[in-house]
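Read through the structure below, which is laid out as structure tokens, and then see the notes.
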There are 4 protein chains.
Amino acid sequence: MPKDTFFNLSEEKKQKIMEAALKEFEQNDYDAASINQIVINSGISKGSFYQYFQDKKDLYIYLMNLMVEKKLKYITPAMMNPFEHSFFEVIREMNQSGLMFARENPQYMKIGTRLLKDQNSDIYKEIMAQNQDQAYEVYEQLLQHAIAKGEVRNDIDVKLTARIIFTISADLVSSNSELIAETWPENLIQQLEKVMALIQHGIANPK
Amino acid sequence: MPKDTFFNLSEEKKQKIMEAALKEFEQNDYDAASINQIVINSGISKGSFYQYFQDKKDLYIYLMNLMVEKKLKYITPAMMNPFEHSFFEVIREMNQSGLMFARENPQYMKIGTRLLKDQNSDIYKEIMAQNQDQAYEVYEQLLQHAIAKGEVRNDIDVKLTARIIFTISADLVSSNSELIAETWPENLIQQLEKVMALIQHGIANPK
Amino acid sequence: MPKDTFFNLSEEKKQKIMEAALKEFEQNDYDAASINQIVINSGISKGSFYQYFQDKKDLYIYLMNLMVEKKLKYITPAMMNPFEHSFFEVIREMNQSGLMFARENPQYMKIGTRLLKDQNSDIYKEIMAQNQDQAYEVYEQLLQHAIAKGEVRNDIDVKLTARIIFTISADLVSSNSELIAETWPENLIQQLEKVMALIQHGIANPK
Amino acid sequence: MPKDTFFNLSEEKKQKIMEAALKEFEQNDYDAASINQIVINSGISKGSFYQYFQDKKDLYIYLMNLMVEKKLKYITPAMMNPFEHSFFEVIREMNQSGLMFARENPQYMKIGTRLLKDQNSDIYKEIMAQNQDQAYEVYEQLLQHAIAKGEVRNDIDVKLTARIIFTISADLVSSNSELIAETWPENLIQQLEKVMALIQHGIANPK
DNA sequence: AATGAATGAGCGTTCATTCAT
DNA sequence: TATGAATGAACGCTCATTCAT
């Protein structure tokens, strides 16, 4: 957690620091990101940085928590009680919420994507230790339930399929990361529908 | 490209250098990889390194080109004349060849996977600029042809689907990157079949 | 000297600051001790610290003066009129008082011991410049008098012997600095007697 | 151990570096000593320093090993077979050798003295782990043997006495550390004799 | 062709102290 | 009087690259 000194700063200053931090972590992974660059770009002194944050990790984890917080705003009813809704509806909404989040928070999305790609790093393990819900295990449970309900074919490999859906979903969001912010929501939804169609064709129980 | 001085070296020396480089780039991403470690592990002097290679990038790109070259050896007949074979057969073989390559060249595979994860980096862009065939554009053409032949449903989004197949394929290889070398080929093939089943269900023309 | 602002503080606040300072200087030598830690642990602001004290040195020297003041409380009659008592009695009491002081003021004792170890440092010189009485010159005078009285052999080197007695005494206190607070007074006295026996054997006039 | 690169340097350059290092560690304890100062004073770049030495500790331990090596030159026959000689003769020679070493290697002596004073530091523990002979346990064994032989009174506390002799000896060497190099050997020997007289009077078996 | 010494910018981090409010 | 934000130099250490020999 940043120190009180950070939260006591003027909104404007906090803003400048966060912008500089987002930019740096968006363009570099955790190790490569430079505190030096952040302090230069935000116009504060190095000494000040360490009065606001414990260390580099403190800032990074704060950013990640902000991201999680922001993501929560995109949660839909079906995502909150996933087992009471159709499987395909649930993952459609998960993806949709992911897309909307990415559209409106492209920098956070990029940082998150970066982290997801560095699953061997210490920082990844540390963050995921407190944020387990993010990983693809969720999909496994949903799939299992969906098979039991007869929504999904029972000859699939649950683990493998969960992983694939997770991968596709992540890719859907990060694929056109530069463009996503400028794309019309309608177009994104269209893309999403196509992806959903693929998945549905791929695993839905033909009855 | 490495300088002539490198190619004039004894096979043995070249070998040692390449081994050290592979090891270093396997364990670290481009930025984090250390020339220091490479020269130490290969027993050459710092000065020699810079007489063999322009710089770090030169070595890295050379490695990547070697990887492409090695991958070629796994090409099957269906991959060479892809338009004369069934679409699903072709991508099955592409994936199979990818898996076999990974099995027998785990270091190259890891380096390649690393690169794929940092698609924003300068180095990625530079490499992909000269190696377009590797990217997912290939799948686009195959898909178009497959639709024309009636193998694949014509209501799919070609670009999107190509990307998804590419992503799934890459993930199939990298998912168990540590285990892949010790896994029986039969098991890998089994996984592959499951993935293929998904794709086929997803996009095959039901006739 | 601390500024007036310090002495005007509530007893409670002064107390908290002194506790934090003692703790910090007990655990770190002068250079390594951190003002940051002291202000955090005493709950005052950085700015306040510099309104109470000139600087780090000001606080440290104040602490040292307090120590001297506290030591005075352990002075015995024989120590006040040393020339009217037996030499060995006097130094026995000096050591005993030193041990008792250490037992009841372990933090001050540790800080003092730390200082004694860095006799080359600027801070040491500065403190000893104003506190000469603490040093081993005292022993010289006592020894001279004892020789005149015939208590001590007249073939010893006064300066050297004074220094040795001083060193042994300091060592007696600091040797078991961690344990001293938990050791029974009786045991400490026993140790003291052994040391006194050594000294006495070493320099007493055999008559 | 310093790297080969260091040993390959010109004698002159090595000299300059060692001089700067000795000076820095003579004036500051391990933590306070600054690599920056050392590189400035020896006229090399920071990068070069780390090509010669693993890190700060590497240089320091190298210095300490040099010191031990240099000390060995002062060892006398009685010190090599201490149990075959009179106890007082042995410790006289130990102290004499210590004095001579200090006279001719005042910087090393100061650094060693510094270390001895910082027995809680990590670096002390690390160095003493490989150099156990330095500590005062040696005196315990010698004392025990001397008591058995009847040279020393049997009513002394061995542990305490060993510690005191060690302390006195160390102090004898470090006491006039600045002056020792300019003092005539004869005067040093005289001082030593006086100290020996004290000790002998203090613990020798009177018959 | 081969060497390896030399470099200096960069890293994250800590510090005592100042000063406007 | 009290605050706490701001500072910048210093710390140990790593790096890719250059260049004289």
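Chain A is the first sequence line, chain B the second, and so forth, proteins listed ahead of strands; every chain is numbered from 1.
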Integer-rounded Å distance: E:dA16 P and C:Gln54 CD: 17 Å
Quick check on the 6.0 Å ring-centre criterion: do C:Phe6 and C:Tyr62 meet it? yes
Expressed as a whole number of angstroms, how long is the span from D:Ile44:CD1 to E:dG4:C1'? 15 Å
Any strand: nucleotide that pairs with E:dT3 via Watson-Crick or wobble, under 3.5 Å: F:dA20
Any side-chain N or O of B:Ser48 under 4.0 Å from OP1/OP2 of E:dA2? no
Considering only F:dG4, E:dT13, E:dA5, which nucleotide approaches the side chain of A:Lys56 most closely? E:dT13
Side chains of D:Ile61 and D:Met1, heavy atoms from C-beta outward: is any pair under 4.5 Å? no
Base, sugar-phosphate, or nothing: which does D:Asn8 touch, judged by heavy atoms less than 4.0 Å apart? sugar-phosphate
Contact between B:Asn36 and B:Lys46 at the side-chain level, heavy atoms closer than 4.5 Å - yes or no? yes
Rounded interatomic separation in angstrom, taking CZ from A:Phe49 and P from F:dA5: 15 Å
F:dC13 C1' sits how many Å from D:Lys57 NZ, rounded? 14 Å
Between B:Ile111 and B:Met64, is any pair of side-chain heavy atoms under 4.5 Å apart? yes
Separation of atom CZ in C:Phe6 from atom P in F:dA2, rounded to whole Å: 12 Å
Under a 3.5 Å cut-off for both contacts, is F:dA10 paired Watson-Crick or G-U wobble with anything, and if yes, with which nucleotide? E:dT13
Taking atom C1' of F:dA16 as reference, at what distance in whole Å does atom CG of B:Asp122 sit? 16 Å
What I'd like to find out is whether the side chain of B:Lys23 reaches to under 4.5 Å of the side chain of B:Asn41, using heavy atoms alone. yes
So, with a heavy-atom separation below 4.0 Å from DNA chain E, the residues of residues 23-40 of chain D are none
A:Phe7 six-ring centre to A:Lys14 NZ/CZ under 6.0 Å and within 45° of normal: no
Taking the side chain as every heavy atom from C-beta outward, state whether D:Tyr124 and D:Leu116 have any atom pair closer than 4.5 Å. yes
Rounded to whole angstrom units, what separation is found between the CZ atom of C:Phe53 and the C1' atom of F:dA2? 15 Å
A:Glu12 CD to F:dA5 C1', straight-line distance once rounded to whole Å: 15 Å
What nitrogen or oxygen pairs link the protein and nucleotides 19-21 of chain E at under 3.5 Å?
none

Measuring to OP1 and OP2 of E:dG4, would you say a side-chain N or O of B:Ser45 lies under 4.0 angstrom away? no
Test salt bridge (charged side-chain N to carboxylate O under 4.0 Å, His left out) applied to A:Glu26 and A:Arg114, step by step: CA-CA 8 Å; A:Glu26 181 195 347; A:Arg114 256 186 202 293; over 6 Å; no
The answer to which of C:Tyr52 and A:Leu9 contacts DNA chain F further toward the 5' end, by nearest nucleotide, is C:Tyr52
Donor-acceptor pair, B:Ser42 side chain versus B:Lys16 backbone, under 3.5 Å? no
Checking C:Lys3 against C:Phe53: charged group under 6.0 Å from the ring centre and within 45 degrees of the axis? no
Touch class at under 4.0 angstrom, heavy-atom based, for C:Asp55 against every strand present: sugar-phosphate
